[in-house]
Amino acid sequence: MVTVNQQRVPRKRTYLMCSPEHFAVEYAINPWMDVTTAVDADLAVKQWDRLRETLVGLGHEVHLLTPEAGLPDMVFAANGAFVVDGTVYGAQFKHEQRAAEAAAHRAFYEEQGWRFIAPSETNEGEGDFAYLPEAHGGLVLAGHGFRTELAAHAEAQEALGRPVVSLRLVDPRFYHLDVALASIDDENVVYYPGAFSAASQRVLTQLFPDAVVADDEDALAFGLNLVSDGLNVVLNNEATRLAGKLKAAGYHPVPVELAELKKGGGSVKCCIAELRH
Ligand code: ARG
């Protein structure tokens with residue numbers, strides 16, 4: 001049982017984001033994308049900037065990646081790599097439209113002197129990987145089924161030296177792990193069971209008996225696509241019931257509006273990669 005009014009403690013985070021200056025929906029690689037929908041890139045930048053300011057206002061450090069013309073999804077910085085304990089496991093995108101983003105992320109990490117491990121398997125970084133430093137001694141959760149290949153889970157385990165638990169995604173609307181599950185502190189998660197196979201749901205119940213569980217409406221409003229510092233949970237403003245559940249569990253929900261970026265099939269977490277030293 002989740003203890004109500006439990007004292008939650010925030011921890012300062014370091015994030016990487018990329019401005020949606022060149023954001024557009026020019027191709028459709030997930031069910032949310034519709035190339036006939038008009039996108040207002042200026043509005044996208046405004047909303048994204050509010051998100052960035054919110055994170056900085058909470059005391060976090062935000063690094064910026066330079067956006068590149070011709071890479072309209074580059075705003076979704078979560079997909080560029082997965083970082084644990086100072087080691088960076090690089091991404092290798094499934095769709096060629098996004099392939100060039102991996103090199104931009106790699107250059108950022110190499111310039112900053114991080115230990116970078118290049119992948120040989122298809123994986124979309126933190127879009128499909130989550131890290132829980134205090135769960136079972138340090139656990140990686142990994143999604144497969146749509147983007148990241150199962151072989152990349154084993155590769156990530158070898159690269160990072162942390163146990164990787166594979167979870168199978170079964171609903172194309174939840175094509176990345178980070179639209180179906182998020183860490184809310186160092187040891188617990190929030191997730192939408194319907195996005196996972198029955199067996200993977202059992203695995204999640206076993207590993208996280210105190211998890212916060214979201215309903216389909218909040219999940220479809222991208223409510224799970226959130227970032228938390230252990231206390232403050234920044235999430236899409238449409239996921240109102242989920243915000244209430246998090247509050248009841250002792251967290252502090254911080255709603256943000258990201259309607260333009262939703263047209264690309266992403267929200268808060270998709271825009272943010274966590275740099276873990
Ligand atoms: N349009 C992007 C794609 O389909 C959205 C990526 C969202 N990112 C995420 N981490 N879920 O690849």
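Both counts, for ligands and for their atoms, begin at 1 and track the order of listing. Because the structure is a prediction, the values reported are computed rather than measured.
Here Trp48 and Phe23 keep their ring centres 6.0 angstrom or further from each other. Taking the ring centroids of Phe82 and Phe129, they lie under the 6.0 Å cut-off.
Ligand 1 is surrounded by Ile29, Asn30, Met33, Asp73, Phe76, Ala78, Asn79, Arg98, Gly127, Arg147, Tyr175, His176, Asp178, Gly264, Gly265, Cys270, each with at least one heavy atom closer than 4.0 Å.
Classified by interplanar angle (parallel below 30°, tilted 30° to 60°, perpendicular above 60°), the ring pair His153/His144 is perpendicular.
Evaluated for a side-chain hydrogen bond (donor to acceptor under 3.5 Å, both in side chains) with Asp229, the options Lys12, His252, His60 yield exactly one hit, His60. Between Tyr89 and the choices Glu158, Glu126, Glu155, the side-chain hydrogen bond (donor to acceptor under 3.5 Å, both in side chains) rule is met once, by Glu155.
Under 3.5 Å, the side chains of Arg147 and Tyr175 contain no donor-acceptor pair of N or O atoms.
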